[in-house]
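Data first, discussion second: the structure below is written as structure tokens.
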Amino acid sequence: MRVLFVTTEMDDFVRVGGLGAVSAALPRALRPFADIRIMLPGYRDIIEQLTHIQIVGRCPAFAEMPACSLGRAATKDGLPVYVLLCSQLYDRPGNPYGDESGRDWPDNDIRFARFASAAAELAMGKLDKNWAADLIHANDWQASLVPAYLAWRGSKLPSILTIHNLAYQGLFPKDSLRRIGAPESAFHIDGVEFYDQVSFLKAGIVYASHLTTVSGTYAREITTTEFGCGLEGLLRLRSDASELTGILNGIDESWDPRSCAQLAQQFGAGDWVGKKANADYVRKQFGLAVSRGPMFGIVARLVHQKGIDLVLAAADEIIDAGGQIVVTGSGEPALELALIDAHRRRPDAIGVAIGFNDAQARRIFAGSDFTLMPSRFEPCGLSQMYAQRFGSLPIGHQTGGLAETISDGETGFLFSKPSHESFLGGVRRAFEAFMAQDQLDTMRRSAMGRSFSWSISAGSYSALYRKLASV
């Protein structure tokens, strides 16, 4: 079965959030089931890393979208990758979505509509004369117009849209409709219109054959007013028609502390001397005081969703009780500055590294006793899975994927509300477990024994692919 997996991030080349990890791992896990090929925009970082790109097709200019070429290459392990080559749209500094100061590119509607339009053409067999898709799998708002372009061009090709985070919707002024060559007739409440704007994500929700999201709990949550971001009515309709499925993400096999090359010292369950060696390394790296108390790690995008403000509000209590906090990530400038300020006030107890480095993240998971995840909502979350495999017990809000992957009191701690007091309740339970060595040992062993294999997710997706292709 031929599947085109359309995404704007892939850890092999470029990563902003969890989508990059999923896009690197899920297609690889699906290879036994399908001829799966990835399509990416031709960002500067990707072009520089691919050694040989063969031009297989060309897209003429369309509406206000420039002409572009389609290149085919492969990852080091042979996974086929298509890249859309258009230097005026994708050859830029910054990240895939915005400039170096974090502002969205003003022409993101053109950038990602051009990408989606070309993906639809490729899937329909109009770009690579040697390949067409039986099914197309689009991811998040940046690829959400793929099912729409298929529909607008009269194609019956089945499509899946995976919603990784409903809060990011790709909203643009009505004028975008003309710029991206969408029919005027699509601008209504049952089409792409959302409060008099064009919503890329809504287009995907309307036109895709099937919707998935990244945990069963989140699939239910997004049909409610609290988590539906204004789209709950439409999502409820798709859910009631059995066209919305939650499939939990996995993590790849490299998340094994017994073999992970980036750690200060490898270790397994029960080897707490090895785990302590990683804690000592992290304390030294971040200039923290020598301590017998617990270390709380945070590896996250530093945004309001992740509850970083709750951690800042609880920091004094954590430190006064003998804890230390180590943070790595990047995101909203105000939260970055607040964390840097907290570090300046307590450099002995709070370590902060703005930015993301995979090796450093792994060492924080390996060295920390607990991982803080007070997210206001969390579609799936990967950090709690990484943390458990590395013996760092997650403290998470009982929402989305956190509720599904943390066994409260067994492999971590769940708290009920994204509030200061509820979060502190979880933190206090962690301190109690830390003081009870037998309980801590049992919980760590249980956490490290959990399996979050991608093969489970791949099996679910493969079954869904076959079902949609047979309709």
Query raised in the report: Which is it for Ile38 and Leu79 under the side chain to side chain contact (heavy atoms under 4.5 Å, CB included) test, yes or no, and what are the steps along the way?
Result: CA-CA 8 Å; Ile38 292 178; Leu79 187 64; 3.5 Å; yes

Query - Stepwise side-chain hydrogen bond (donor to acceptor under 3.5 Å, both in side chains) check, Thr411 with Ser446 - result: CA-CA 6 Å; Thr411 67; Ser446 296; over 6 Å; no

Query raised in the report: Could you walk me through whether Leu40 and Leu84 pass the side chain to side chain contact (heavy atoms under 4.5 Å, CB included) check?
Result: CA-CA 6 Å; Leu40 289 158; Leu84 190 64; over 6 Å; no

Requested in this report: Apply salt bridge (charged side-chain N to carboxylate O under 4.0 Å, His left out) to the pair Asp441 and Arg445, showing each step before the final yes or no.
Outcome: CA-CA 6 Å; Asp441 184 30; Arg445 287 177 185 274; 3.2 Å; yes

Report task. Could you please spell out the steps behind the side chain to side chain contact (heavy atoms under 4.5 Å, CB included) verdict for Thr328 and Gln360? Result -> CA-CA 8 Å; Thr328 188; Gln360 185 177 62; 3.3 Å; yes

Query raised in the report: What do the steps show when you test Glu404 against Thr217 for side-chain hydrogen bond (donor to acceptor under 3.5 Å, both in side chains), and what is the final call?
Result: CA-CA 7 Å; Glu404 271 177 55; Thr217 306; 2.7 Å; yes

Report task. Please assess Thr399 against Glu378 for the test side-chain hydrogen bond (donor to acceptor under 3.5 Å, both in side chains), listing each intermediate value before the final yes or no. Result -> CA-CA 6 Å; Thr399 186; Glu378 192 60 72; over 6 Å; no

Requested in this report: Could you walk me through whether Ser239 and Thr223 pass side-chain hydrogen bond (donor to acceptor under 3.5 Å, both in side chains), step by step?
Outcome: CA-CA 8 Å; Ser239 179; Thr223 64; 5.6 Å; no

**Report entry** From CA spacing to verdict: salt bridge (charged side-chain N to carboxylate O under 4.0 Å, His left out), Asp12, Lys76
**Finding:** CA-CA 9 Å; Asp12 298 52; Lys76 287 174 182 158; over 6 Å; no

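Using modelled atom types and a 3.5 Å distance limit, the side chains of Ser455 and Ser453 yield a donor-acceptor pair. Looking only at atom types and distance, the side chain of Thr245 has no donor-acceptor partner in the side chain of Thr212 under 3.5 Å away. In this model, a donor atom of one side chain and an acceptor atom of the other lie less than 3.5 Å apart for Gln324 and Arg283.
We find that Asp109 and Arg179 are joined by a salt bridge, their nearest charged nitrogen and carboxylate oxygen being less than 4.0 Å apart. Salt bridge Arg301/Glu332: absent, no basic N to carboxylate O contact under 4.0 Å. Salt-bridge formation is detected for the pair Asp107/Arg92: a Lys NZ or Arg NE/NH1/NH2 atom is positioned less than 4.0 Å from an Asp or Glu carboxylate oxygen.
Between the side chain of Arg238 and the backbone N or O of Ile205, at least one donor-acceptor pair lies under 3.5 Å. In this structure, Asn278 contributes its side chain and Gln265 its backbone to a donor-acceptor pair below 3.5 Å. Between the side chain of Thr224 and the backbone N or O of Glu221 there is at least one donor-acceptor pair closer than 3.5 Å. No donor-acceptor distance shorter than 3.5 angstrom exists from the side chain of Ser199 to the backbone of Phe194, with no hydrogens or angles considered. A donor-acceptor pair under 3.5 Å is formed between the side chain of Gln49 and the backbone N or O of Asp45. In this structure, the side chain of Glu193 engages the main chain of Asp196 through a donor-acceptor pair within 3.5 Å. When atom types are taken as modelled, the side chain of Gln142 and the backbone of Asn108 share no donor-acceptor pair closer than 3.5 angstrom. Between the side chain of Arg376 and the main chain of Gln305, no donor-acceptor pair closer than 3.5 Å is present. Checking side-chain atoms of Gln262 against main-chain N and O of Cys260 turns up no donor-acceptor pair under 3.5 Å. Ser215 contributes no side-chain N or O that, together with a main-chain N or O of Leu248, makes up a donor-acceptor pair within less than 3.5 Å.
Here the CZ-CG distance, from Arg429 to Leu393, works out to 11.0 Å after rounding to the nearest 0.5 Å. One distance of note links OG1 of Thr75 with CG of Leu50; it measures 9.0 Å at 0.5 Å rounding. Atom OG1 of Thr8 is separated from atom CG of Asn139 by 8.0 Å, given to the nearest 0.5 angstrom. To the nearest 0.5 Å, the span separating NE2 on His137 from CG on Leu30 amounts to 8.5 Å. From Gln398, atom CD reaches atom OG of Ser416 across 7.5 Å, with rounding to the nearest 0.5 Å. Residue Asp91 holds its CG atom at 8.0 Å from CD1 of Ile47, rounded to the nearest 0.5 Å.
Taking the six-membered ring where the residue is Trp, Phe365 and Phe390 present perpendicular rings, their angle passing 60° and hence far from 30°. Classified by interplanar angle (parallel below 30°, tilted 30° to 60°, perpendicular above 60°), the ring pair Tyr43/Tyr90 is perpendicular. Below 30°, between 30° and 60°, or above 60°: for Tyr97 and Trp141 the angle between ring planes is between 30° and 60°, a tilted geometry.
Aromatic ring centres of Trp272 and Phe267 lie farther apart than the 6.0 Å criterion allows. Checked against a 6.0 Å centroid threshold, the rings of Phe296 and Phe431 count as neighbours. Aromatic ring centres of His343 and Phe286: separated by at least 6.0 Å. Between Phe112 and Phe200, the ring center distance fails the sub-6.0 Å criterion.
More than 12 heavy atoms of other residues, nucleotides or ligands lie within 6.0 Å of CD in Gln439, so this atom counts as buried by the packing criterion. Annotation: Arg258, atom CZ; neighbour count of heavy atoms from other residues, nucleotides and ligands within 6.0 Å does not exceed 12.
A cation-pi arrangement is found for Arg15 relative to Phe356, the charged atom lying closer than 6.0 Å to the ring centre and inside a 45° cone about the ring normal.
In this structure, Arg450 has no salt bridge (Lys or Arg N to Asp or Glu O under 4.0 Å) partners at least two apart in sequence or on a different chain.
Scanning all heavy atoms of the two residues, the minimum distance from Ser23 to Phe5 falls at OG-CE2, 3.7 Å. Nearest heavy-atom pair across His420 and Leu310 is N-CD2, 3.8 Å.
Arg72 is not listed as a side-chain neighbour of Ile53, based on a closest heavy-atom distance of 4.5 Å or more.
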